Amino acid sequence: MDPIFQPFRDDPHYPLDRYEAAADLMLLNMGPQHPSTHGVFRLKLVLDGEIIVKAVPYMGYLHRGVEKMVEGLTFAQMTPIFNKHDYVSPMTNEQAYAVAVETALGIEVPRRARYIRTILAEIQRIASHLLWLSTFTLDMGGVIGGGAAMMMYNFREREDIFDLFEAVTGSRFHYNTHCIGGQRHDLPEGWVQRVRAFLDRQERAFDEYLRLIRNDIFDLRTKGVGVMSADLALGLGITGPNLRASGVDFDMRRDAPFHAYDEVEVRVAVAQGCDAYARYEVRMAEMRESVRILRLLLDQLPEGPICGSKPVKMANAVRVPDGRGYTAIEGPRGEIGTWLIGGGEDKGAKPFRLKIRPPSLHAMAAMSYLLPGHTVSDVVVVLGSLDPIMGEVDR
Amino acid sequence: MDATLREALAARFPAVDLDQDVLLVPAADHYPLAALLKEQGYTLYVTVAASHHPGPEGDAFEVATVLRRPVRGAPSVAWRVVLGADPHLQSLYPLFPGADLQEREQLDLVGVRFDGHPNPVRLMLSEDWVGHPLRKDYAPNMPHAPWR
Amino acid sequence: MKHYLRGLHLALYETLRQGFKPRITQGMRSVEQHEERYRASFALTHNEHGEQACIACMQCSNVCPSHVIEVTAGPKEASPATGKKRGWAADYTLNLQACILCEMCVQVCPTDAIVMVKVQEKPGFSREDLVLTMDKLYANAKARPLAWANGSILREMQDPKREVKP
């Protein structure tokens, strides 16, 4: 890479007029309705020929005011709202919220409910990574038979996952299956056997994906593209697979176990490449690891109650007293956190302030650091490899 | 909070009560505390959350920041700064580049200004938007339901 | 050039190989193939005496996150079947336009009056078609298969002191 782009990679606010005076710069707006931006997201690119000099992200096109909306809702009403801002992994978002309120109130979740949560979270992780894989390869076209072929294969397994979730919750996508203190729905008869059969199919499918992906075009387009150092990733607050692809061996599932992760061994996938290829490697390894964890969890699944507090019978049954705290769990895209201040309206039945910490917003901040020096065609590769969900970025 | 960090914090910030879950820090110590924590290995920038607390003595604002150490046990430090009616605070952008978008979001939605921020404009809402939606006095008579 | 020729060969090989594999295409599923717990629309039920089960306690209206349920309470009168005094709903409207099918109204209903059904509402030509009035809700309960859950089943499932299955 030309060293002239280095100052722009180090500091996205580096003034443009210090770039070569003779250069004929062009302004290109990518988005907000570009098909490969995974939603509505605008990227302002300053181009010298085909090389990006500066990239400025603009967001907020999907801002729905979730944080303001929940200030008017009671804690029992909020779970269905929480599975909507990240519309690719609703299950883990519900869990992040449930864990936050349970921590604030000191409610202990029964062991079976913690196992069910872990199982659902791991299946959701596979579904989320499958959607990432299909869109990543679709954007890039680096797959045998074109990008859409991969998407069809991924969605075959993703449909199976939705069938499994529908069997538990009755809904294919917006589940509302968590409540404060546990689960609202127990696992139905025969569900564990269905998951086992699905895991066997999924394991065979991974080899099929690799046959489609392993080719020179894929390697050429991903290796060395979007290199993010570990220091930059930590400073930006990037978590999850993106952080682990930069060589930082950190996973909340192993390092700060929530749910039932302390009862199974979690092997954390780390790659040293720091580029788009490393992020692909980490996510593929994580899916295989999820299959392994799921088999362990299904073997150990205990019997017992599924809810630690009384079933919800009234809207304002849960009251959180005045106080503040930060809780986080590891979702498919990284650390989903909630900063909760209790003691809001209706004697604490509504939150005073609830801030969602979206892993995708932190990942979007990396765009302006990674892009200078790359060509326009690399934008979709870098964006796709970071796996942002715009609903979660804007909330 | 481990013993080394506790000693370092007690030596540098004697006025801060270290037994709280969320430390209450004066505004002047906000940036030095973040710098000290970064030296101590708390390099993962987790989040910043501002909130508006209207009271009988006038408006108050709180800005909470969370930093984490990416090691086994995932120790984190959260602290909050209480600000007055004209809220402004030192930006953490020189230490953590992730503060760029996060602080812009809080500026946008709550209206806390961050001194030294390189690009203090709205993030989520359009630039001609009036008011800060997450303030408690924002549109109090807004018809709230139903949403459709 | 070398990469592209190799890619072309791989693509042709993979296409040929897939041609001899069993078909994996999946068609659109019909209603009968949905899972046991599938939930789609709403219905109001009658109790075992044939009276309306809703006692107009307003819990569903209070808990609804999108505030789509409107209940008008009628005067409290004695039930003809049991003789006990109870509440009656004079009107009950559920607006499906903003409903997010979260099942919270079913969860809180003390008399299992509001339940969900397995068949979705048909697309209509006006907005009023998506407003489920009391008549439509009672007709749904007769004409469509009910979903598995009602308030007592859900609350029994979530009971913290539930007996452990052997």
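Quick caveat, the model's predicted, so the values are computed rather than measured. Below, chains carry the letters A, B, ... as their sequence lines are ordered, and counting in each starts from 1. As a basis for the values below, the full set of heavy atoms in this structure was taken, side chains included, without hydrogen atoms, waters or symmetry mates.
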Self-check item: Distance (rounded to the nearest 0.5 Å) between A/Lys68 NZ and B/Arg135 CZ
Solution: 11.0 Å
Practice problem: Heavy-atom distances under 4.5 Å only: say whether B/Tyr42 touches chain A with side chain, backbone, both or neither. | Solution: neither
Quiz item: Out of B/Val46, B/Val48, B/Val22, which residue meets the side chain to side chain contact (heavy atoms under 4.5 Å, CB included) rule with A/Trp339?
Solution: B/Val22
Quiz prompt | Structural part of A/Met59 lying under 4.5 Å from a heavy atom of chain B | solution = both
Quiz prompt | Shortest non-hydrogen separation from B/Leu44 to A/Gly237 and the atoms involved | solution = CD1-CA, 3.8 Å
Self-check item: Heavy-atom proximity to chain B below 4.5 Å, by part of A/Glu335
Solution: side chain
Quiz item: Highest number of heavy-atom pairs under 4.5 Å with chain B: which of A/Asp249, A/Thr239, A/Asp394?
Solution: A/Asp394
Quiz prompt | Shortest non-hydrogen contact from B/Thr47 toward A/Tyr326 | solution = CG2-CE1, 3.8 Å
Self-check item: Under 3.5 Å: donor-acceptor pair, side chain of A/Lys355, backbone of B/Ala49
Solution: no
Quiz item: Among A/Gly235, A/Ala365, A/Gly60, which has the most heavy-atom pairs under 4.5 Å with chain B?
Solution: A/Gly235
Practice problem: Taking atom CG of B/Asp21 as the centre, report whether more than 12 heavy atoms of other residues, nucleotides or ligands fall under 6.0 Å from it. | Solution: no
Practice problem: Check whether A/Ile341 gets within reach of chain B through its side chain, its backbone, both or neither, counting any heavy atom under 4.5 Å. | Solution: side chain
Quiz item: Could you state the interatomic distance from NE2 (A/His362) to OH (B/Tyr45), rounded to the nearest 0.5 Å?
Solution: 7.0 Å
Self-check item: Note, A/Tyr61 side chain near B/Met124 side chain (heavy atom, < 4.5 Å)
Solution: no
Quiz item: Which of parallel (below 30°), tilted (30 to 60°) and perpendicular (above 60°) describes B/His53 and A/Phe352?
Solution: parallel
Practice problem: For the residue pair B/Leu109 and A/Arg395, establish whether any side-chain heavy-atom pair is separated by less than 4.5 Å. | Solution: no
Quiz prompt | Contact listing (chain A partner; residues 96-106 of chain B; heavy atom under 4.5 Å) | solution = B/Phe96, B/Pro97, B/Gly98, B/Asp100, B/Leu101, B/Gln102, B/Glu105, B/Gln106
Quiz item: Who among B/Ser126, B/Ser76, B/Ala50 has the most heavy-atom pairs with chain A under 4.5 Å?
Solution: B/Ala50
Quiz item: Hey, what do you get for OH (B/Tyr93) to NE2 (A/His13), rounding to the nearest 0.5 Å?
Solution: 4.0 Å
Quiz prompt | Between NZ on residue B/Lys38 and CG on residue A/Leu234, distance to nearest 0.5 Å | solution = 9.5 Å
Practice problem: Calculate, to the nearest 0.5 Å, the distance between atoms CZ and OG belonging to A/Arg324 and B/Ser51 respectively. | Solution: 6.5 Å
Self-check item: Side chain, backbone, both or neither of B/Arg68 within contact of chain A (heavy atoms, under 4.5 Å)
Solution: side chain
Self-check item: Pairs of heavy atoms under 4.5 Å with chain A: top-ranked of B/Leu123, B/Leu134, B/Leu67
Solution: B/Leu134
Quiz prompt | Part of A/Ile238 lying under 4.5 Å from any heavy atom of chain B | solution = backbone
Quiz item: Relative to chain B, which segment of A/Ala328 carries a heavy atom at a distance below 4.5 Å: side chain, backbone, both, or neither?
Solution: side chain
Self-check item: B/Val110 versus chain A, the contacting section by heavy-atom distance below 4.5 Å
Solution: side chain
Exercise. Search all heavy atoms of B/Gly73 against all heavy atoms of A/Ala256 and return the closest pair with its distance.
Key: O-CB, 4.2 Å
Quiz prompt | N/O donor-acceptor pair under 3.5 Å between A/Arg353 side chain and B/His52 backbone | solution = no
Exercise. Can you tell which part of B/Leu95 gets under 4.5 Å to a heavy atom of chain A, answering side chain, backbone, both or neither?
Key: neither
Quiz prompt | Winner by heavy-atom pair count (cut-off under 4.5 Å) against chain B, out of A/Leu243, A/Leu232, A/Asp255 | solution = A/Asp255
